Amino acid sequence: MQSRSHDVALRITDELTTAGIKLVASLPDNWISDLIRCVDADPRLHHVPVNREESAIGLCSGAYMGGMGSVALMGASGFMTVIYALTKINYTYEIPIFLMITLRGAWGDHHKHHVSNGLYLKPILDTLNLPTTIIENPDQIGMISKAYHHGKNYARPVVVALTRDLLK
Amino acid sequence: MKFLDCVSHIAERRSNQLVVTSAGNSAQAWWAATRDSSGTFYLEASMSLSTMFASGLALAQPQADVWAFMGDGAFCMNPGMLMVERDMNLPNLTHFLLSNRHYGATSNADLPNMAKNDYAAIARGMGLERVYSFDNLAALKAGFDEAVLRNKPGHSFVVLEVEPFDDAEQRLPQPPLDGPELKYRFGRHVEAAFHADIFGYQL
């Protein structure tokens, strides 16, 4: 019998392919470890584990310019390191990029080392005018496709933030 | 080897390759040599992401041949990119590292450990197999086909030891293209050349 988190990971993986995404560039976060395993095992997706989150921004932006749909999958802390890359590549050139991140530091995250994300993640998303959808239960997984296609139309970054309640 | 001579020679050898440049001197040199405003993406000031950008492009368009330039200043910010490039091992991607041992885009400020960095050794240490290094134009001309040839078995990493720009070269113009204009010019070029669908609509 599959665990609930594995079932959610499979459903998210399916939704990525439904959206038309072919490339997943990832860095790990414990909350998305099941999801990364499901992505890696899915032959419909090309999974590229990258060395740092900024590399995912470069890789996905280049894939867009070649006509390939992609998602940069990372934890909240990793997201906090890519602000310059997003402003320089995706805002300057108006290249869409779809990011899925963990909503670290929010209610339910008992790790003290994510207090900084609790304090600053949402304000930074707001400061960058980054359209963000929070997905906190499996019934909302269909929002992934909507967010991805909104980003292509909007020609800038969009973010889906995944909560602990959804993933664990 | 003079920076401009090196880049001019590569430009002369180009046929239909898509090109991605990095910040500063490589964009200036490529613009001076080609004035290309459609088949080159001038990825300004990305702080090390030109070859990751090129990797995404090469993955998406496997029938395209993609050349990516990067200075060693950018390389030193993110050498782990080579781990990703090695994993992907895209045969249609060539990574040109323009090693002038300085941050060329910022008035030739010194790089850390500038004299001792051995970029080819770093690449081999990460498992790259097609690693080439040229420190003079004659050697580059002689070895170009082997390093950069189309239909090669895997990704190539080519170190080009060049002199930093002098004061007059630093004043060469940057490509005069705004970001969205460049996106559409380059994207439409890729769509036409490779029957790709990037923007979701045709004009």
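Quantities reported herein were computed from a predicted structural model and do not represent experimental measurements. Just so we're on the same page: letters track the sequence lines, and every chain starts at 1. Only this structure's heavy atoms are used, side chains among them; waters, hydrogens and symmetry mates stay out.
Applying a 4.5 Å heavy-atom cutoff, none of the residues of residues 158-168 of chain A approach chain B. Among the residues in residues 50-60 of chain A, those with a non-hydrogen atom closer than 4.5 angstrom to a non-hydrogen atom of chain B are A/Val50, A/Asn51, A/Arg52, A/Glu54, A/Ser55, A/Gly58, A/Leu59. Using non-hydrogen atoms only and a strict 4.5 Å limit, the part of residues 82-119 of chain A facing chain B consists of A/Tyr84, A/Ala85, A/Lys88, A/Ile89, A/Thr92, A/Tyr93, A/Glu94, A/Ile95. Interface residues of residues 20-34 of chain A toward chain B, defined by a heavy-atom distance below 4.5 Å and sorted by number: A/Leu23.
A/Tyr154 OH: more than 12 foreign heavy atoms inside a 6.0 Å radius. More than 12 heavy atoms of other residues, nucleotides or ligands shown are found within 6.0 angstrom of CG on A/Asn137.
Summarising the geometry of B/Val190 relative to A/Met65, their closest heavy-atom pair is CG1-O, 3.9 Å, with the distance given to 0.1 Å. Shortest non-hydrogen contact noted between A/Gly67 and B/Ala60 is N-CB, 4.5 Å.
Looking only at heavy-atom pairs under 4.5 Å with chain B, the residue among A/Gly62, A/Ala155, A/Gly66, A/Ala63 that has the most is A/Gly62. Of the listed residues B/Tyr184, B/Phe194, B/Phe41, the one with more heavy-atom pairs under 4.5 angstrom with chain A than any other is B/Phe41. Ranked by heavy-atom pairs under 4.5 Å with chain A, the first of B/Leu43, B/Asp197, B/Val20 is B/Leu43. Most heavy-atom pairs under 4.5 Å with chain A, from the set B/Glu44, B/Glu191, B/Met83: that is B/Glu44.
Proximity to chain A involves both the backbone and the side chain of B/Leu59, based on heavy atoms less than 4.5 angstrom apart. Contact of B/Tyr201 with chain A is not made at all, since no heavy-atom distance falls under 4.5 Å. Heavy atoms closer than 4.5 Å to chain A are found nowhere in B/Glu181, neither backbone nor side chain.
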message = Could you walk me through whether B/Phe199 and A/Tyr64 satisfy the side chain to side chain contact (heavy atoms under 4.5 Å, CB included) test, starting with their C-alpha distance in whole Å, then the side-chain angles of each, then the deciding distance to 0.1 Å, before giving a yes or no?
response = CA-CA 9 Å; B/Phe199 302 118; A/Tyr64 172 81; 3.3 Å; yes

